[in-house]
Amino acid sequence: MTIINVAASKVYDVIIKNGILDDLGERITGLFGRCTAVIISDDNVFPLYGERVRKALKKWDLKVLELVLPNGEKSKSIATYAEVMKFLAENKVSRSDVIVALGGGVIGDLAGFAAATYLRGIKYVQVPTTLLAAVDSSVGGKTAVDLDIGKNLVGSFYQPSLVACDPETLTTLSSEVYRAGCAEIIKYGLLGNAEFFSELAKVPVKEQYEKVIATCVSMKRDIVKRDEFDTGKRQLLNLGHTFGHAIEAKSDFSLSHGFCVAIGMAIISKAAVRKGICDKSVSEAVVSILKKYSLPTVSPYTAEIICEAVGSDKKIFSSKLNLVVPEAVGKCRIISTPLFEIPGWLEGMEVSAK
Ligand SMILES: NC(=O)c1ccc[n+]([C@@H]2O[C@H](COP(=O)([O-])OP(=O)(O)OC[C@H]3O[C@@H](n4cnc5c(N)ncnc54)[C@H](O)[C@@H]3O)[C@@H](O)[C@H]2O)c1
Ligand SMILES: [Zn+2]
């Protein structure tokens with residue numbers, strides 16, 4: 001078991017422990033006393049783990065409510081958010097009750113935003129069941145839903161009261177969801193921990209879940225502590241995401257987020273070599289580790305199309321964006337870049353498969 005304490009606007013523990021699903025009743029009553037626990041989950045995760053969580057909560061005499069939503073990004077919508085609000089109100093959920101977000105990043109972001117706003121804020125516990133949620137989205141308090149014109153456009157910073165991560169739940173992930181999570185893990189190594197990066201190249205993530213999750217969560221904890229509200233250092237976590245998001249949006253979200261981040265990391269590393277910011281060995285190491293995890297390293301779109309998509313990414317409300325650029329494996333720099341300079345970063349580069 002590993003416990004990582006996060007000290008943001010709220011102080012809470014991230015507990016990584018095999019079998020922690022069965023302890024949830026004890027942990028929640030320990031924190032909040034007897035209350036109603038509202039499990040929000042999706043229709044892949046709930047059939048796998050819902051019964052165990054329900055049993056664990058009932059064992060400690062908690063009243064349990066359950067809301068199971070369709071899996072996938074489409075559930076991170078205003079319509080589903082409204083459905084959650086209605087469910088909470090109709091069931092008279094009060095400020096002394098707690099939401100239990102059981103699922104991946106979609107459920108975590110949606111349930112977190114519901115918790116942030118229902119009755120102006122009720123408590124919530126994150127129970128991440130994907131690798132991405134375990135190492136990234138369940139920690140740090142970014143909650144959101146999407147609008148048609150862009151992802152995460154409606155949300156808030158709202159920290160959970162507990163993150164209970166059970167690595168055993170990761171054994172049921174599909175290969176694609178597993179590999180997408182590995183891309184975000186490789187990102188942590190590249191942005192700030194060279195030793196971790198080379199460890200990942202030697203030992204597969206699935207053979208060292210607890211250690212890997214603990215390393216990433218510790219790094220995220222340190223970043224969130226310094227910049228909870230994302231005005232500076234937290235943007236380092238966007239490594240690979242500028243071009244990644246553009247490719248993801250261009251594919252109309254048919255390519256998974258993690259896969260696009262992998263391509264984004266390969267592109268920005270190669271661009272950094274061309275700009276003389278890092279050595280060629282860095283981009284070679286990045287491409288090599290991504291290939292080891294069967295992640296894509298080239299884009300289905302040309303440099304021109306990617307740059308166009310960066311420009312039309314609705315999230316950019318200014319004429320500048322912050323590019324996160326590797327200087328070495330384990331060291332990255334944020335470079336504020338006017339939009340018109342973005343094509344210059346990819347000029348003449350072979351970013352797509354021939
Ligand atoms: N809040 C943040 O800081 C933050 C950070 C990164 C990403 N995100 C968000 O996270 C979301 C992506 O999260 P995700 O990749 O976890 O996607 P997801 O929640 O859609 O999960 C991926 C798929 O895996 C299934 N699944 C989940 N757990 C499973 C398990 N244990 N066994 C079998 N199947 C399982 C889900 O039902 C889903 O079909 C995006 O919306 C992204 O914007 C948020
Ligand atoms: Zn990401």
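Bear in mind that the values here come from a model prediction, so they are computed numbers and not experimental data.
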Inset, instruction - Decide if atom NZ of K74 counts as having more than 12 heavy atoms of other residues, nucleotides or ligands within a radius under 6.0 Å. - result: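 Counting neighbours around NZ of K74, 12 or fewer heavy atoms of other residues, nucleotides or ligands fall under 6.0 Å, so no.
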Inset, instruction - Could you check if a side-chain atom of E248 sits within less than 4.5 angstrom of a side-chain atom of L255, using non-hydrogen atoms only? - result: no
Legend entry - With sequence neighbours excluded, residues passing salt bridge (charged side-chain N to carboxylate O under 4.0 Å, His left out) with E66: R54
Inset, instruction - For the pair T143 (side chain) and S156 (backbone), establish whether a donor and an acceptor sit closer than 3.5 Å, ignoring hydrogens and angles. - result: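 Side chain of T143 to backbone of S156: a pair is present.
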Inset, instruction - Would you kindly say whether S75 and N71 are connected by a side-chain donor-acceptor distance under 3.5 Å? - result: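 No donor-acceptor contact under 3.5 Å links the two side chains.
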Inset, instruction - Could you tell me whether the side chains of E73 and H257 share a donor-acceptor contact shorter than 3.5 Å? - result: no
Inset, instruction - Test D22 against R52 for salt bridge (charged side-chain N to carboxylate O under 4.0 Å, His left out), laying out the working first. - result: CA-CA 7 Å; D22 304 315; R52 256 176 84 188; 2.9 Å; yes
Legend entry - Y293 side chain to V205 backbone, donor-acceptor under 3.5 Å: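 Side chain of Y293 to backbone of V205, a donor-acceptor pair under 3.5 Å: yes, one is there.
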Legend entry - Transitive ILVMFWY side-chain link I107 to L65, under 4.5 Å: yes
Inset, instruction - Could you please spell out the steps behind the side chain to side chain contact (heavy atoms under 4.5 Å, CB included) verdict for M1 and I16? - result: CA-CA 6 Å; M1 176 169 80; I16 307 154; over 6 Å; no
Inset, instruction - Go through the steps to decide whether E26 and K59 satisfy the test salt bridge (charged side-chain N to carboxylate O under 4.0 Å, His left out), and finish with yes or no. - result: CA-CA 8 Å; E26 185 179 2; K59 199 169 138 202; over 6 Å; no
Inset, instruction - Report the C-alpha separation of N18 and D166 in whole Å, then their side-chain angles, then the decisive distance to 0.1 Å, and conclude whether the side chain to side chain contact (heavy atoms under 4.5 Å, CB included) test is met. - result: CA-CA 5 Å; N18 284 327; D166 189 338; 4.2 Å; yes
Legend entry - Cluster link V38 to V45, ILVMFWY, side chain under 4.5 Å: no
Legend entry - Any donor-acceptor pair under 3.5 Å from R34 side chain to T29 backbone: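 No.
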Inset, instruction - Taking the side chain as every heavy atom from C-beta outward, state whether V163 and P128 have any atom pair closer than 4.5 Å. - result: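 They are in side-chain contact.
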Legend entry - Residue pair T129 / G104: nearest heavy atoms and the distance that separates them: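 Nearest heavy atoms, T129 then G104: OG1-N, 3.6 Å.
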Legend entry - CG-CG distance between D97 and L62, expressed to the nearest 0.5 angstrom: 9.5 Å
Inset, instruction - Answer yes or no: is there a side-chain heavy-atom contact under 4.5 Å between F259 and I247? - result: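 In short, these two side chains do not touch, never coming nearer than 4.5 Å.
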Inset, instruction - Could you tell me whether K220 sits above the aromatic face of Y188, with NZ or CZ closer than 6.0 angstrom to the six-membered ring centre and within 45 degrees of the axis? - result: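 No, K220 does not lie over the aromatic ring of Y188.
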Legend entry - Distance (rounded to the nearest 0.5 Å) between I213 CD1 and S138 OG: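 Spacing of CD1 (I213) from OG (S138) equals 9.0 Å.
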Inset, instruction - State, to 0.1 Å, how close P326 and L190 come at their nearest heavy-atom pair, and which atoms those are. - result: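 The pair with the smallest heavy-atom distance is CB-CD1, 4.3 Å.
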Inset, instruction - Please answer: with hydrophobic residues joined when any side-chain heavy atoms are less than 4.5 Å apart, are F196 and V287 in the same cluster? - result: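 In one cluster with F196: V287, no.
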Inset, instruction - Would you check, one step at a time, whether the test side chain to side chain contact (heavy atoms under 4.5 Å, CB included) holds for I4 with D13? - result: CA-CA 6 Å; I4 295 160; D13 284 337; over 6 Å; no
Legend entry - Close side-chain approach of I40 to V100, heavy-atom, < 4.5 Å: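 They are not in contact (no side-chain heavy atoms under 4.5 Å apart), so the answer is no.
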Inset, instruction - Measure from the side-chain N and O atoms of Y158 to the backbone N and O of I122, and report whether any donor-acceptor pair falls under 3.5 Å. - result: yes
Inset, instruction - Answer yes or no: is there a donor N or O on one side and an acceptor on the other, between the side chain of D42 and the main chain of N44, under 3.5 Å? - result: yes
Legend entry - Short side-chain to backbone donor-acceptor contact, Y118 and V93, under 3.5 Å: yes
Inset, instruction - Any chance you could measure D61, atom CG, to K58, atom NZ, to the nearest 0.5 Å? - result: 10.5 Å
Inset, instruction - Scan for ring-ring contact (aromatic ring centres under 6.0 Å, His included) pairs involving residues 205-231, sequence neighbours excluded, and state none if there are none. - result: F157-F229
Legend entry - Any L339 side-chain heavy atom under 4.5 Å of L321 side chain: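 A side-chain contact under 4.5 Å exists here.
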Legend entry - Distance-only donor-acceptor check, side chains T172 and Y49, under 3.5 Å: yes
Legend entry - Under the salt bridge (charged side-chain N to carboxylate O under 4.0 Å, His left out) test, residues paired with E327 that sit two or more places apart: K331, R333
Legend entry - Heavy-atom side-chain contact between V139 and V6 under 4.5 Å: yes
Legend entry - Whether over 12 other heavy atoms sit under 6.0 Å from N5 CG: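 Counting other residues, nucleotides and ligands, CG of N5 exceeds 12 neighbours.
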Legend entry - Under-4.0 Å salt bridge between K142 and D230: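 Looking at D230 together with K142, the answer is yes, because their closest N to O distance falls below 4.0 Å.
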Legend entry - Transitive ILVMFWY side-chain link V273 to F243, under 4.5 Å: no
Legend entry - L69 vs F46 side-chain heavy atoms within contact, under 4.5 Å: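 No, too far: nothing below the 4.5 Å cut-off.
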Legend entry - Sidechain-backbone polar pair: R179 side chain, G258 backbone, donor-acceptor under 3.5 Å: no
Legend entry - S251-Y301 side chain donor-acceptor pair, cut-off 3.5 Å: no
Inset, instruction - Measure across N238 and V324 and return the closest heavy-atom pair with its distance rounded to 0.1 Å. - result: C-CG2, 4.1 Å
Inset, instruction - Measure the shortest side-chain to side-chain distance between D146 and S77 over non-hydrogen atoms and say whether it is less than 4.5 angstrom. - result: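 Answer no - side chains too far apart.
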Legend entry - Nearest non-hydrogen partners of Q126 and P160, listed with the distance: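 Taking Q126 first and P160 second, the nearest heavy atoms are CG-CB, 4.0 Å.
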Inset, instruction - For K280 and E284, run salt bridge (charged side-chain N to carboxylate O under 4.0 Å, His left out): C-alpha distance rounded to whole Å, both residues' side-chain angles, the deciding distance at 0.1 Å, then the answer. - result: CA-CA 6 Å; K280 195 161 193 284; E284 285 169 353; 3.2 Å; yes
Inset, instruction - Enter the distance from T297:OG1 to K291:NZ here, rounded to the nearest 0.5 Å. - result: 4.5 Å
Legend entry - T337 side-chain N/O to I335 backbone N/O, donor-acceptor pair under 3.5 Å: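 Yes, the answer is positive, given that a donor and an acceptor are paired below the 3.5 Å cut-off.
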Legend entry - Distance, nearest 0.5 Å, that separates OG of S352 from CD of E304: 8.5 Å
Legend entry - Ion pair D136/K187, N-O distance below 4.0 Å: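 Salt bridge between D136 and K187, a charged N being under 4.0 Å from a carboxylate O: yes.
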Legend entry - Any side-chain donor near an acceptor of the partner, Q159 and S9, under 3.5 Å: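 S9 and Q159 do not have a side-chain donor-acceptor pair below 3.5 Å.
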Inset, instruction - Apply salt bridge (charged side-chain N to carboxylate O under 4.0 Å, His left out) to the pair E347 and R274, showing each step before the final yes or no. - result: CA-CA 10 Å; E347 207 170 13; R274 292 167 61 96; over 6 Å; no
Legend entry - same_hphob_cluster(V84, V53) at 4.5 Å side-chain heavy-atom cutoff: no
Legend entry - Minimum heavy-atom distance K76-V106, with the two atoms named: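 Smallest heavy-atom distance, with atoms named: CG-O, 3.7 Å.
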Inset, instruction - Could you please spell out the steps behind the side chain to side chain contact (heavy atoms under 4.5 Å, CB included) verdict for V98 and V125? - result: CA-CA 7 Å; V98 58; V125 170; 3.9 Å; yes
Legend entry - Backbone N/O of T2 and side chain of E210: donor-acceptor pair under 3.5 Å: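 Present.
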Inset, instruction - Over all heavy atoms of both residues, which pair between G105 and S137 is shortest? Give the atoms and the distance, please. - result: CA-OG, 3.4 Å
Inset, instruction - Check the side chains of S281 and D279 for a donor-acceptor pair under 3.5 angstrom, ignoring hydrogens and angles. - result: yes
